[in-house]
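Encoded as structure tokens, the structure appears first; notes follow it.
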4 protein chains.
Amino acid sequence: MANRMVKDKNDVADKQSRILQAARAEFAEKGFDGARVDSIAERAQANKQLIYYYFVNKDQLFTRVLEEAYRDKRQQEAALDLDRFPANEAILQLVDFTWHYYLKNPEFIRLLNSENQLKARHLQGLDSPVELNRSWIDITQGLLERGWRENNVRSNIAAMQLNITISALGFFYLINQSTLSIIYQTDLGEQSALDEHLRVMKECVAAWIRP
Amino acid sequence: MANRMVKDKNDVADKQSRILQAARAEFAEKGFDGARVDSIAERAQANKQLIYYYFVNKDQLFTRVLEEAYRDKRQQEAALDLDRFPANEAILQLVDFTWHYYLKNPEFIRLLNSENQLKARHLQGLDSPVELNRSWIDITQGLLERGWRENNVRSNIAAMQLNITISALGFFYLINQSTLSIIYQTDLGEQSALDEHLRVMKECVAAWIRP
Amino acid sequence: MANRMVKDKNDVADKQSRILQAARAEFAEKGFDGARVDSIAERAQANKQLIYYYFVNKDQLFTRVLEEAYRDKRQQEAALDLDRFPANEAILQLVDFTWHYYLKNPEFIRLLNSENQLKARHLQGLDSPVELNRSWIDITQGLLERGWRENNVRSNIAAMQLNITISALGFFYLINQSTLSIIYQTDLGEQSALDEHLRVMKECVAAWIRP
Amino acid sequence: MANRMVKDKNDVADKQSRILQAARAEFAEKGFDGARVDSIAERAQANKQLIYYYFVNKDQLFTRVLEEAYRDKRQQEAALDLDRFPANEAILQLVDFTWHYYLKNPEFIRLLNSENQLKARHLQGLDSPVELNRSWIDITQGLLERGWRENNVRSNIAAMQLNITISALGFFYLINQSTLSIIYQTDLGEQSALDEHLRVMKECVAAWIRP
DNA sequence: GATGAATGAGCCTTCATTCAT
DNA sequence: AATGAATGAAGGCTCATTCAT
């Protein structure tokens, strides 16, 4: 019986998580307005009303998806072990990590993008939105300070500036891949193009943080 | 009568342009899916059916808005006079121009963003999408080559890479302003924050292109 | 062409009025909550969305139906010619008129009933709800005053009291016909029962207003 | 254990009665169609499914609520002691009782009203709906007969007519309080207005039954 | 060229009810 | 006895688009 209860709980958690997963995919693909609750239900192989049962409405579902996305990124960041590198190299590792996180989780940047189109109305409803990105800020802040001590990172750089710069270079390339590929008549999604862009990003950041 | 015809033509051109303007605002604000044809008609103080009369449907209207947006940017770029600067400084002028163009035309980046969410399906329908960005590519290509000759720009940088880097730093900051402001608990829209970001962008690009 | 325009206007007015008629029937039959917009469209043989095109939403449609119901009653009251009767008899004529109006327009009392269940939220939104019943109040007030002069109506009766008494006796009987018929195991809808009730009402009012 | 069973039975009875109470409030407030099973469960602080467990469905729940409402009224009527009054005065006592019962149990008339909107479909399903109102009929019938003997009540009045007249005057005023208050621009709910209406009702009935 | 009228498809959401323990 | 999970049916409303003049 204990077993069964556990199983039930898992079933519920599983179904909720299936819905969240489906919603993440749908929202990332179509944006908030373009996403269809019906489509999410179909993707999750769940009854549509179950979505409302668990998540109340489309907006709250989106909020949950956003939170989960941030949570997942935070967890992966926590697994980073950057102490073994000198600070300046560790920062380049961050560039690397960010880029590959974006590549492996293309939904993350699209969700963020969609949320920004809605003027962050979902994030605004959260209790402590700052926590979403706390680890990220802590990591860069720590690296910068270490870099100053190690004298391998320029001193007048703020954590937010570094974060934004790192994110911007990868984010822009990926989020605008469709139009850029057309305008530059190159497939920016090809592996060689991706590799080359990573190289450029690191080159750029390295040059910038050099003391 | 000739007079009247001219007047009529102007009226027609005027009404079309009012619709385009209204559409640009609506699409930029709400995205393609969030935009409402009714709302565009209202903003333009035009009959809704007139929109269909002139622009066939929502998609073609969006395409026209996009084209106009690119055209406008091209025109402003054409007015740039960068020959009087050394190449490396001219590139920083480009950073400056790009940033201020984004600031003065916030709709430009939002339209691009929306188009990317739709996987550039509107651009794909164009006859010569490359032309949209031709001048921009020509300018940076020219500057890079001049920089190599003047020996004040590093030689292994491609025009596309430079373009993307310059655009990325400004674009990311502005397009994600809502969520970033929440997460970093600072108003990124304040003048001082904007100025500071411009400084960082220039610093970053300058460091990167230095030979 | 003038003809055609007139015809068109009539067509539109006709369709709107068909919708209003259908709505009145549906609302009266099922109450506001029980009424279905789909059903109204069907009754009116109109496209459902046309209802929204003309009347915005279910609530505003109900408001319009209510207004029309009051308007119609007002018009019929205006056609009453009570001057030829002594005041006390004229008041009994009012009982008669009210009763027959209720009988011929069973929807009127049901609409009012439904509106009261909703705490008059539709009437509250009107600009001058008092006007709805103005003529009715004027008529009774006039009759009472004349009755005092003619000395055939008791003097300490207010217009509102008379109105309410007259309405109450007929309204209660008709609105509760279903349950009353069951409880008293008689068909209160039979002609003889209706006639008898009219007699009782007149008897009651006559006794009450006697000086 | 016996104790526990008793306790449990009470608990069950209590929970059923809490549900009935909640349902009565909800049905009275919103009408049958406007009422929500969820809302009833919430008001009763009971699991929604429990409602179905005890009462099968919304209709049967409503039926039970109606029955309870009638039962309660019957019980209060049984407590009336009208023998000490002359018949004509006793009838005025009935007017008084009815009015105060309506005032203290506003749900009663609203439930009846809702049931009539549904064409008494719940009452129709009862085994002996006549019993619901038996005592009321018996009382008035008795009073009328006594009044004839005492020669203080007119002879050609039927019990049903008296009942309806008494109920109508109070019922109409209260059930239509919202719209009447708006149309007559007076708060009919004020104590003075209520008192005045009771006076009018008694005046009217007294005049009517006078031999 | 211009416009009010009209519509089909679909969207988010609600609600009474049932399932499964 | 009691409850959380789940669902089919529908309901009000929206929206891009077309009709008809």
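Because the structure is a prediction, the values reported are computed rather than measured. To find a chain, count down the sequence lines: A is the first, B the second, and so on, and within it residues start at 1.
Every residue meeting the side-chain hydrogen bond (donor to acceptor under 3.5 Å, both in side chains) condition with B/Glu29, not counting sequence neighbours, appears here in chain and number order: B/Arg43. The side chain to side chain contact (heavy atoms under 4.5 Å, CB included) search around A/Gln124 returns B/Ile182, not counting sequence neighbours. By the ring pair (Phe, Tyr, Trp, His ring centres under 6.0 Å) test, D/Phe27 is found to be paired with D/Phe32, D/Phe62, residues two or more places apart in sequence or in another chain being considered. For C/Ser39, the side-chain hydrogen bond (donor to acceptor under 3.5 Å, both in side chains) criterion is met by C/Glu26, not counting sequence neighbours. When the side-chain hydrogen bond (donor to acceptor under 3.5 Å, both in side chains) test is applied to A/Glu107, the partners found at least two apart in sequence or on another chain are A/Arg24. Looking at residues two or more places apart in sequence or on another chain, you find a side chain to side chain contact (heavy atoms under 4.5 Å, CB included) between B/Tyr54 and B/Val12, B/Gln16, B/Ile19, B/Leu50. When the side-chain hydrogen bond (donor to acceptor under 3.5 Å, both in side chains) test is applied to A/Asn113, the partners found at least two apart in sequence or on another chain are B/Asn113. Among residues two or more places apart in sequence or in another chain, the ring pair (Phe, Tyr, Trp, His ring centres under 6.0 Å) test is passed with A/Phe108 by A/Tyr70, A/Tyr101.
Regarding D/Ile40, its CD1 atom lies at a distance of 14 Å from the C1' atom of E/dT17, rounded to whole Å. Remark: C1' of E/dT17 and CG of A/Leu50 are 15 Å apart, rounded to the nearest angstrom. Straight-line distance from the CD atom of A/Gln45 to the P atom of F/dA6: 14 Å, rounded to whole Å. Distance, B/Ile19 CD1 to E/dT3 P: 10 Å, rounded to whole Å. Taking atom CZ of residue D/Phe55 and atom P of nucleotide E/dA16, one finds them 16 Å apart after rounding to whole Å.
Listed candidates were E/dA6, F/dT3, E/dT3. Nearest to the side chain of D/Lys15 is F/dT3.
Stem regions for DNA chain E, each three or more consecutive Watson-Crick or G-U pairs with both distances under 3.5 Å and listed by first number, read E:2-21 with F:2-21.
Taking 4.5 Å as the limit, every side-chain heavy atom of D/Lys30 sits out of range of all side-chain heavy atoms of C/Asp33. The shortest distance between side-chain heavy atoms of A/Tyr52 and A/Val37 falls below 4.5 Å.
One donor-acceptor pair, N or O on each side, does fall under 3.5 Å between the base of E/dA5 and the side chain of C/Tyr53.
Residue pairs that meet the salt bridge (charged side-chain N to carboxylate O under 4.0 Å, His left out) test with at least one member in residues 115-124 of chain D, sequence neighbours left out, are D/Asp59-D/Arg121.
Two residues, D/Tyr54 and A/Gln16, neighbour DNA chain F, and the one matched to the more 5' nucleotide by heavy-atom proximity is D/Tyr54.
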**Prompt:** Using a cut-off of 4.0 Å between protein heavy atoms and nucleotide atoms, how would you tag nucleotides 8-14 of chain E 5' to 3' with B, S and -?
**Reply:** BB-SBBB

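Of the residues in residues 113-126 of chain C, not one comes within less than 4.0 Å of DNA chain F through any heavy atom.
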